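See structure below.
A note on names: the letters A, B, ... follow the listed sequences, proteins ahead of strands, and every chain is numbered from 1. Any value given below was found using the heavy atoms of this structure, including those in side chains, with hydrogens, waters and symmetry copies removed. What you are looking at is a predicted structure, and each value in this text was computed from that prediction instead of being measured.
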Amino acid sequence: METALVKKIFDVDQVRKDFPILSREVNGKPLVYFDNAATSQKPLSVINALDNYYKTCNSNIHRGVYLISAEASEAYDKAKDKVKEFIGAKDSSEIIFTRGTTEAINLAAYSYGRQSVTEGDEVIISTMEHHSNIVPWQVLCDEKKAKLKIIPITDSGEIIMDEYKKMLNEKVKLVSICHISNSIGTINPVKEIIKLAHEKNIPILVDGAQAVHHTKVDVQSLDADFYAFSAHKMYGPMGIGVLYGKAELLEQMPPYQTGGDMISSVSFEKTDYNEIPMKFEAGTPNVEGAIGLTEAIDYINSIGRDQIHEHEKEILEYATEEIEQIESVKIIGTARNKTGSLSFIVEGLSALDIGIMLDTFGVAVRTGHHCTEPLMRRFKIPGTVRASFAMYNTKEEIDVFTSALRKSINILK
Amino acid sequence: METALVKKIFDVDQVRKDFPILSREVNGKPLVYFDNAATSQKPLSVINALDNYYKTCNSNIHRGVYLISAEASEAYDKAKDKVKEFIGAKDSSEIIFTRGTTEAINLAAYSYGRQSVTEGDEVIISTMEHHSNIVPWQVLCDEKKAKLKIIPITDSGEIIMDEYKKMLNEKVKLVSICHISNSIGTINPVKEIIKLAHEKNIPILVDGAQAVHHTKVDVQSLDADFYAFSAHKMYGPMGIGVLYGKAELLEQMPPYQTGGDMISSVSFEKTDYNEIPMKFEAGTPNVEGAIGLTEAIDYINSIGRDQIHEHEKEILEYATEEIEQIESVKIIGTARNKTGSLSFIVEGLSALDIGIMLDTFGVAVRTGHHCTEPLMRRFKIPGTVRASFAMYNTKEEIDVFTSALRKSINILK
Amino acid sequence: MTKSIYEIENEITDEFSFFADWQDKYEYIIELGKKLKDFPEDKRTAENMVKGCQSSVWLVTERLNGSIVFKADSDSTIVKGLIALLIRVLSGKSSDEIVNAKLEFIDKIGLRQHLAQTRANGLAAMIKQMKMYAIGYKTKEQLN
Amino acid sequence: MTKSIYEIENEITDEFSFFADWQDKYEYIIELGKKLKDFPEDKRTAENMVKGCQSSVWLVTERLNGSIVFKADSDSTIVKGLIALLIRVLSGKSSDEIVNAKLEFIDKIGLRQHLAQTRANGLAAMIKQMKMYAIGYKTKEQLN
Ligand SMILES: Cc1ncc(COP(=O)(O)O)c(C=O)c1O
Ligand SMILES: Cc1ncc(COP(=O)(O)O)c(C=O)c1O
């Protein structure tokens with residue numbers, strides 16, 4: 001529980017002690033992990049929770065009548081409640097566990113999309129979407145002979161709201177937009193974007209893969225219809241993620257994958273589906289993942305999302321100032337409202353080379369298009385170097401990074 | 001590597017020491033875990049591998065240029081090779097990682113099924129299939145106005161091969177059948193079943209969820225076109241499973257989920273998909289799961305699949321003999337060739353009550369329809385009590401179980 | 001004076017505290033089930049059925065001097081015993097009392113932990129259905 | 001006599017053993033890249049491109065007195081250096097030698113571990129393409 005009254009003290013050195021991997025060395029240098037937008041590291045509490053689960057109550061859930069299955073079921077149900085509170089959903093039946101954001105969006109595109117989009121309709125996304133929030137809609141629009149419309153962005157990497165408004169018409173059946181860009185860190189004004197869509201009765205999916213761990217998210221106050229994210233990017237384990245959907249939408253939607261827990265009864269003539277959210281969870285649920293996600297949320301809450309947000313903002317600003325001073329470095333994405341990711345290019349050098357050189361200094365960044373090729377095309381570049389931050393990153397690490405960057409450029413030039 | 005020459009000595013007490021949960025107590029009694037068909041317990045080596053992964057090289061793979069990402073990618077690719085060898089595939093590009101068997105079958109039904117089944121066609125499954133191998137085909141047949149045909153079984157729970165042969169005609173586009181029944185333990189003659197289908201050029205999917213850890217599987221010698229299984233039932237972690245498919249089939253199939261790693265290039269106009277198997281793996285791969293699965297396979301190989309098979313056969317036979325002597329117990333499924341699961345009912349008592357009572361003695365069994373409702377209907381029962389075995393189960397545990405069963409019946413009657 | 005729900009719950013908690021192990025508790029639960037009044041055959045209909053995943057429960061109610069009387073049955077011996085406990089606590093109470101009943105005895109005698117699988121045994125569905133009846137009656141009262 | 005692939009590999013391994021850290025190794029690799037002969041502009045076509053995930057490599061071959069000569073270029077400075085190493089080892093060798101080359105120096109100088117991300121830098125694709133050319137020539141020879 002976060003309390004608004006007692007402002008917690010954020011102690012990054014203390015936080016770092018919770019992440020075992022951070023004491024690792026790479027090429028004889030301490031690991032500086034700046035690829036958090038790809039996947040975050042895990043605190044000991046999450047790692048231990050998985051360990052403990054398999055050592056004490058691992059079992060298949062919901063239909064077992066014995067004690068360890070009861071314990072596992074309880075843990076799984078508790079995870080739903082935990083996520084519900086974490087994102088401010090109304091009811092835990094609105095929380096569907098998926099493999100990750102990609103599957104969550106695929107589920108929505110398949111189940112909701114195929115039901116509501118027909119020939120001549122339109123689906124709106126933005127120029128800065130991750131491939132996982134592009135291709136499922138492309139496939140849907142192809143199949144249904146609908147049109148995929150793209151909201152343009154400014155040179156600084158912000159959605160052009162006026163253009164967006166003009167695109168909202170009665171043919172539009174869904175808007176799907178990222179909360180925060182994984183490539184350039186832009187925080188989109190999702191509340192406003194949702195309000196505008198709702199004025200035309202258009203539902204919205206928010207891709208929150210880069211948001212839930214960087215900022216407070218309240219799906220009810222945003223009034224999002226769907227909200228998707230991955231545990232592995234928010235200090236939780238791989239292999240689990242969430243699709244939130246408003247109950248009234250989920251109730252009406254057909255199932256996605258079939259088999260296992262999503263069924264209430266089966267005969268060769270007729271199959272009845274289970275209630276939400278089970279209707280959308282086919283196969284043995286990932287109890288391990290649910291337990292890891294619970295622990296990750298507890299960890300985030302124990303530090304405080306406001307504290308994390310502030311710290312990460314400071315880190316991003318410091319990093320920005322520092323690399324701006326390096327000759328021939330150009331920052332890609334200069335939105336006023338940013339968090340998490342800092343993308344840049346070095347004129348005359350390939351991003352790949354910078355990445356390889358930084359690695360020799362122990363600094364892990366990502367290079368390339370970051371699964372946002374259309375966004376790269378918008379900026380007329382093949383890719384960027386991206387440093388992306390988490391709560392455990394420090395100013396000292398930024399210093400290591402900028403110094404390594406200078407040296408790398410020297411070697412490469 | 002298993003060697004055929006040196007026969008290993010199977011020491012169940014030694015094996016049990018590798019599974020931390022087995023030393024747990026339930027209701028003051030040692031846990032007797034007989035719900036292995038639902039999910040197996042994990043050896044310490046698997047648990048430690050997950051732990052070690054998150055503590056040393058957790059990262060997102062394939063596009064990272066830094067060391068820990070290289071390490072994680074290598075581990076992921078090694079997992080593919082490991083699975084390839086484990087099931088005797090020709091190439092590791094034929095190994096698709098899914099969430100589990102259910103998703104593997106859904107993938108095949110969506111991608112292969114929608115491509116090859118049209119109006120008037122037929123898909124064949126058997127009476128003893130798990131819901132996960134029924135409903136995806138029902139959905140497909142519904143959508144395509146095709147027919148789902150069911151191979152009948154004998155009173156002992158065996159496929160009636162003559163009936164099956166009669167069903168094979170040019171309208172049949174796919175046969176999907178379990179290798180081993182999760183409810184009644186029947187080992188189906190899959191090699192023969194596949195041969196017959198292939199004589200008519202019909203491809204076959206084998207649901208191997210209950211097979212890979214109980215018996216040796218070689219997909220090339222079986223000549224299976226698809227083979228599906230889950231890691232969590234074979235001593236591996238939850239959240240990962242496998243769809244094997246012959247390369248020539250996979251090459252032609254359209255993608256299933258989209259986004260992330262399955263893409264070679266994206267523009268708003270056109271998206272090119274990656275090569276197999278990446279084409280079928282959308283989103284951040286479950287590296288943790290892949291590493292756990294590798295470790296599970298190593299563990300199984302270190303014990304030896306032949307040794308495991310023999311031991312489990314002994315356990316099943318002993319359990320069968322013992323409970324046959326208990327009045328009013330009736331075994332459901334008496335195929336000549338069986339392994340893994342022992343299902344029974346007690347006349348006049350509900351399976352649920354037996355399950356609850358057995359739990360008070362520390363014995364964990366599953367009760368109900370085991371996601372095979374049509375099979376239960378075939379036997380005209382609502383469900384069974386199912387004791388299912390793994391390599392770590394012992395005759396002493398069977399004694400605890402049969403004694404608890406006698407006492408439970410006494411209390412309930 | 002009839003006992004309050006709270007008092008009956010305490011009674012049950014006391015009774016169960018005598019049992020050393022779960023076998024004895026279940027034996028007692030089964031005993032209670034056996035003492036449950038015969039369920040009217042003609043009420044054993046699909047309409048009166050509360051579906052758990054692994055057991056069927058039939059439940060009917062009657063209005064009696066401002067209180068609600070429950071009758072129920074199950075195909076599971078243990079579930080029938082659980083029903084007997086619920087009926088003992090809730091039957092004959094006012095709709096208000098039933099709606100507000102916390103049913104903490106379930107936790108206290110360790111049943112919740114043991115039967116966390118309420119989806120399987122239908123206990124949760126049963127309690128929900130009993131409360132739904134009470135809410136229904138209450139709404140009717142208020143309309144009159 | 002020209003050196004064998006094996007001998008050149010050993011030479012390279014020796015050279016790299018002098019470097020204490022990876023920065024120096026890369027500096028050397030980059031140096032080698034810069035010394036690479038200019039790539040003919042008209043050969044910089046889509047057809048001659050070997051696609052890695054994050055770099056582009058152009059590769060052409062020529063038959064010279066029974067041996068195969070490679071020319072290549074890349075938009076990545078480091079990849080260009082890697083190419084220079086591969087050319088030094090493989091260029092001017094017979095198709096048989098190229099097909100059978102184990103290229104163990106990659107492991108020995110620690111490159112494989114470092115560049116395990118051969119998907120990203122295209123090293124794997126490049127080696128595959130060079131061997132494919134050799135196989136192609138070999139097949140042609142056998143047909144003649
Ligand atoms: C024969 C069979 N098929 C399919 C499944 C589904 O596997 P999963 O739940 O791991 O997807 C199971 C296990 O429940 C099974 O036993
Ligand atoms: C904005 C955004 N959307 C979607 C995804 C896909 O997430 P996942 O790979 O966990 O499915 C990512 C991460 O790669 C992302 O950053």
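- Rounding to the nearest 0.5 angstrom, the gap separating the CD atom in E373(B) from the CZ atom in F268(A) is 10.5 Å.
- Put simply, CG on L67(B) and CD1 on I356(A) are 12.5 Å apart, with the number rounded to the nearest 0.5 Å.
- Between E71(A) and R24(B) a salt bridge is recorded (basic side-chain N to carboxylate O distance below 4.0 Å).
- Contacts between Q138(B) and chain A at a heavy-atom distance below 4.5 Å involve the side chain alone, from C-beta outward.
- Formation of a donor-acceptor pair under 3.5 Å by the Q257(A) side chain with backbone atoms of E103(B) is not found in this model.
- E143(A) and R114(B) are not joined by a salt bridge, as no carboxylate oxygen comes within less than 4.0 angstrom of a charged side-chain nitrogen.
- Looking only at side-chain heavy atoms (C-beta outward), I68(B) and I21(A) come within less than 4.5 Å of each other.
- Contacts of I125(A) with chain B are made by side-chain atoms alone, with heavy-atom separations under 4.5 Å and no backbone atom involved.
- The side-chain heavy atoms of R366(B) and N60(A), taken from C-beta on, include a pair separated by under 4.5 Å.
- Counting heavy atoms of neighbouring residues, nucleotides and ligands inside a 6.0 Å radius, atom NZ of K29(A) exceeds 12 of them.
- For S267(A) against P374(B), the heavy-atom pair with the smallest separation is CA-CG, 4.3 Å.
- Of the listed residues N106(A), T102(A), N286(A), the one with more heavy-atom pairs under 4.5 angstrom with chain B than any other is N106(A).
- No side-chain heavy atom of N58(B) sits under 4.5 Å from any side-chain heavy atom of H232(A).
- For the set I150(B), V363(B), T271(B), the entry with the most heavy-atom pairs within less than 4.5 Å of chain A is I150(B).
- Contacts between L44(A) and chain B at a heavy-atom distance below 4.5 Å involve the side chain alone, from C-beta outward.
- Of the listed residues P255(B), S265(B), G368(B), A109(B), the one with more heavy-atom pairs under 4.5 angstrom with chain A than any other is S265(B).
- A heavy-atom distance below 4.5 Å is found between the side chains of L50(B) and Y54(A).
- Contact check for E288(A) versus E288(B): side-chain heavy atoms found under the 4.5 Å cut-off.
- Ranked by heavy-atom pairs under 4.5 Å with chain B, the list G355(A), P136(A), S23(A) is led by P136(A).
- Considering only heavy-atom pairs separated by less than 4.5 Å from chain B, the leading option among L31(A), L358(A), V135(A) is V135(A).
- For chain B, the nearby part of S40(A) is the backbone; its heavy atoms alone come within less than 4.5 Å.
- Proximity to chain B involves both the backbone and the side chain of R99(A), based on heavy atoms less than 4.5 angstrom apart.
- Chain B forms more heavy-atom pairs under 4.5 Å with one residue of G100(A), C371(A), G241(A), G260(A) than with any other, namely G260(A).
- Neither the backbone nor the side chain of F361(A) comes within less than 4.5 Å of any heavy atom in chain B.
- A perpendicular orientation is assigned to the rings of Y66(B) and Y33(A), their planes being inclined by more than 60° (bins at 30° and 60°).
- With a threshold of 4.5 angstrom between heavy atoms, F19(A) does not approach chain B through any atom at all.
- For V365(A), the part lying near chain B is the backbone, with the side chain staying farther off; criterion is any non-hydrogen pair under 4.5 Å.
- Considering every non-hydrogen atom in both I263(B) and H131(A), the closest pair reads CD1-CB, 3.7 Å.
- Of the listed residues (P285(A), S59(A), G289(A)), the greatest number of heavy-atom pairs within a distance under 4.5 Å of chain B belongs to S59(A).
- Here T284(A) is the residue among T284(A), T367(A), L107(A), L148(A) with the most heavy-atom pairs under 4.5 Å with chain B.
- The part of V139(A) that comes within reach of chain B is its side chain, from C-beta onward, which places non-hydrogen atoms under 4.5 angstrom from that chain.
- Contacts between E269(A) and chain B at a heavy-atom distance below 4.5 Å involve the backbone alone (N, CA, C, O).
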